[in-house]
Participant: 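Can you keep this structure in mind? I'll have questions shortly.
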Amino acid sequence: MNDDLPDAPLRLHIPEPKARPGDKASFAHLRLADAGVVSCPAPTTPEDQLRHLPHTLVRVLDDGGDARGEWDPRLDDTVVLAALEAMVRTRVFDERMFRAHRQGKTSFYMKSTGEEAIAVGLSLASGKSDMCFPTYRMLGWLMARGYPLTDLVNQIYSNAADPLKGRQLPILYSARDFGFYSLSGNLGSRIGHAVGWAMASAYRGETSLALGIVGDGTTAEGAFHEAMTFAAVYHAPAILCVTNNQWAISSFAGIAGGEETTFAAKALAYGIPGLRVDGNDLLAIWGAARWAATRARANLGATLIEFVTYRAEGHSTSDDPTQYRPHDEAKAWPLGDPVERLKTYLMRRQAWSEDRHQELIERLGHEVKQAMKAGEAVGSLGASKPPVSEMFEGVFSTADWRLIEQRAELGI
Ligand SMILES: Cc1ncc(C[n+]2csc(CCOP(=O)(O)OP(=O)(O)O)c2C)c(N)n1
Ligand SMILES: [Mg+2]
C-alpha cells in the first residue's frame, strides 16, 4: 500500500472517436510513415529482431504514384494490370448489387469499397492451393481468380441456381476450388479454422498455406486470441490478417483496443512477427504477403499482418454511417483510394491511361449487367427458390432420424 496516493474515485476509460457527425473529420492521431522508409528484413530473420515492425507502416506507393523501397515486389505491369482489373470489377459489382438491394432484388448486401486492394493482393500473391478463410469484405479474392459472376448473383438473389442452395445469407460465399473457405456470419469463427487447416497442412507434410482474415472489431473476440496461441505454439504455416478499416459497424477501432497499441502489435505477445501495412497500397500488400508466405514455407511459422485501411461506405445495406461519423470522413482518409493509387502508378509507367480506365469500367459494367440478367432469368429475391427438399440434403452423409421424420412430415 502506498499511503502517498490520494483516494481518488476509480473510473473507467470509455474510448470515443475523434470526430462525430457535425465535427471536422480528423485522422491526425493515425501513425503513418512515408513510402519506402521501412527496410525489409530477410523473411528468415528471428522474431526478436522484428519487433519494431508493428509500430511503423510498410508502404510502397508514394503520394505521386511511384513505387519506393525494399518492400516493392517489383511486379510486371501485366500482373499489376490484372490486379487493377480485379479491383475495379469488385467495385463495379458492389455498386450494381447495392442498387439491386434498393430495387428489392436481394435481401442484403455488403460492399468492400476502399478495401479492394487487400483481397485482390492477397489472392494474386497466394498460391492456387492456399486457402483463404475470408471475411465478407474479401470478394476481391474471388474476382482476382475469375469466379463466375453469375454464380455470385445467383447466391445473392437466393434463387434456384444459388450454388449454396439458399443455405447462406447473401454474400456469404463458399468456393473451395477457388481457395475460398465458406464464410460465416459468426465473426471470428473462421480464424481458428484457418490455423487448424494450416496445422493439418504441415502435419500431412503438404505445402499449402492458410490465410485467416478478421476485421479490427473481431480481434476483441476470444477466438482471435485462441487462434494466435495455436498459430504461435505450433508454428502453423498461416498468414493471419487484420483488416483495420477503422470501424466495426458503428464502433470505432478504439473500442477493440486500437488506441492502446496497433493491431499488428498483438503479435508481440505471442512471439510471432507483426507487420503493419498500408492496406490501400496493392504493392505493399503484395510485398508483405509474399514475405509472410516465404517465412511460413520455410517452417518459421505464422505472421500477423494488420492492413490499415478505411471502410469508405456503410457497413451493409442495413447501416447509415452518417448517424455516427462525419459525412465526409472518407475524404479525410490519409491513405487515399486503392484503385486511384494503382491507376496513377500504372499511368506513370505509361502502362495505362484515363481512356483505357473508362473503357475498363464500361466493359466490366456490361459484364456485371449480363450476369444480373442471367440471375434474373432464374429469379431474383422471392421469385425463385431452391426446392424445399434441398434443405434435407448435402449436410449429413446419412440422414438421422430427425431429418427423416421432418421430411416425412412435409411429405417430400
Ligand atoms: C459473433 C458475432 N458478434 C457480433 C456480430 C454482429 N456484427 C456483424 S459485423 C460486425 C462488425 C465487425 O467489425 P469488424 O470486425 O471490424 O469488420 P468490418 O465489418 O469492419 O469489416 C458485428 C458486430 C456477428 N455477426 N457475430
Ligand atoms: Mg472493421
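Each ligand, and each atom within it, is numbered from 1 in the order the structure gives.
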Participant: My understanding is that only one of Glu340, Glu116, Glu313 makes a salt bridge (Lys or Arg N to Asp or Glu O under 4.0 Å) with Arg91; could you say which?
Facilitator: Glu116

Participant: Would you call the rings of Tyr310 and Phe27 parallel, tilted or perpendicular, where under 30° means parallel and over 60° means perpendicular?
Facilitator: perpendicular

Participant: Return the closest protein heavy atom for atom 15 (O) of ligand 1 as residue, atom name and distance.
Facilitator: Thr218 OG1, 2.6 Å

Participant: Suppose we measure from atom 11 (C) of ligand 1 to each protein heavy atom; which comes out shortest, and what is that distance?
Facilitator: Ile249 CG1, 3.6 Å

Participant: Over 60° means perpendicular and under 30° means parallel, so tell me whether Trp352 and His357 are parallel, tilted or perpendicular.
Facilitator: perpendicular

Participant: For ligand 1, which is the ligand I care about here, please tell me if Arg311 has any N or O atom under 3.5 Å from one of the ligand's N or O atoms.
Facilitator: no

Participant: Any nitrogen or oxygen of Gly217, side chain or backbone, less than 3.5 Å from one on ligand 1?
Facilitator: yes

Participant: Consider every N or O of Asp216 and every N or O of ligand 1, then say whether any pair is closer than 3.5 Å.
Facilitator: yes

Participant: In terms of atom number and element, which parts of ligand 1 are under 4.0 angstrom from non-hydrogen atoms of Glu221?
Facilitator: 1 (C)

Participant: Give the atom numbers and elements of ligand 1 that come within less than 4.0 Å of a heavy atom of Trp247.
Facilitator: 16 (O), 20 (O)

Participant: What do you reckon, does Asn186 have a nitrogen or oxygen under 3.5 Å from a nitrogen or oxygen of ligand 1?
Facilitator: no

Participant: Mind running side-chain contact (heavy atoms from CB on, under 4.5 Å) on Arg363 and Glu367 for me, showing each step along the way?
Facilitator: CA-CA 6 Å; Arg363 173 164 68 76; Glu367 265 181 38; 3.3 Å; yes

Participant: Which atoms from ligand 1 have a heavy atom of Arg137 less than 4.0 Å away?
Facilitator: 18 (P), 19 (O), 21 (O)

Participant: For the atom pair CG (Asn245) and CD (Glu115), what is the distance rounded to the nearest 0.5 Å?
Facilitator: 4.5 Å

Participant: Salt bridge check, Asp319 against Arg311: does any charged N sit closer than 4.0 Å to a carboxylate O?
Facilitator: yes

Participant: Can you tell me the protein heavy atom closest to atom 13 (O) of ligand 1 and the distance?
Facilitator: Ala248 CB, 3.1 Å

Participant: To which protein heavy atom is atom 10 (C) of ligand 1 closest, and what is the distance rounded to 0.1 Å?
Facilitator: Leu187 CD1, 3.4 Å

Participant: Between Glu354 and Lys343, is the closest basic N to carboxylate O distance under 4.0 Å?
Facilitator: yes

Participant: Hey, what's the angle at the Mg ion (ligand 2) spanning OD1 (Asn245) and O (Trp247), nearest 10 degrees?
Facilitator: 80°

Participant: Using modelled atom types and a 3.5 Å cut-off, is there a donor and acceptor pairing between side-chain atoms of Asp23 and backbone atoms of Arg20?
Facilitator: yes

Participant: Report yes if Glu115 has an N/O atom closer than 3.5 Å to an N/O atom of ligand 1; otherwise report no.
Facilitator: no

Participant: Any side-chain to backbone donor/acceptor pair from Asp130 onto Ser126? Under 3.5 Å, distance only.
Facilitator: no

Participant: Applying salt bridge (Lys or Arg N to Asp or Glu O under 4.0 Å) between Arg341 and each of Asp278, Asp66, Asp62, report the one that passes.
Facilitator: Asp278

Participant: Looking only at N, O or S atoms, which one in Asp216 sits nearest to the Mg ion (ligand 2)?
Facilitator: OD1

Participant: Number the atoms of ligand 1 from 1 as they appear, then name those within less than 4.0 Å of a heavy atom of Asn245, with their elements.
Facilitator: 18 (P), 20 (O), 21 (O)

Participant: Would one find an N or O of Gly185, backbone or side chain, under 3.5 Å from an N or O of ligand 1?
Facilitator: yes

Participant: Could you check Leu268, Thr45, Leu304, Leu50 and say which one makes a side-chain contact (heavy atoms from CB on, under 4.5 Å) with Pro273?
Facilitator: Leu50

Participant: Say whether Thr243, considering both its backbone and side-chain N or O atoms, lies within less than 3.5 Å of an N or O atom on ligand 1.
Facilitator: no

Participant: Side chain, backbone, both or neither: which part of Tyr136 has a heavy atom under 4.0 Å from ligand 1?
Facilitator: side chain

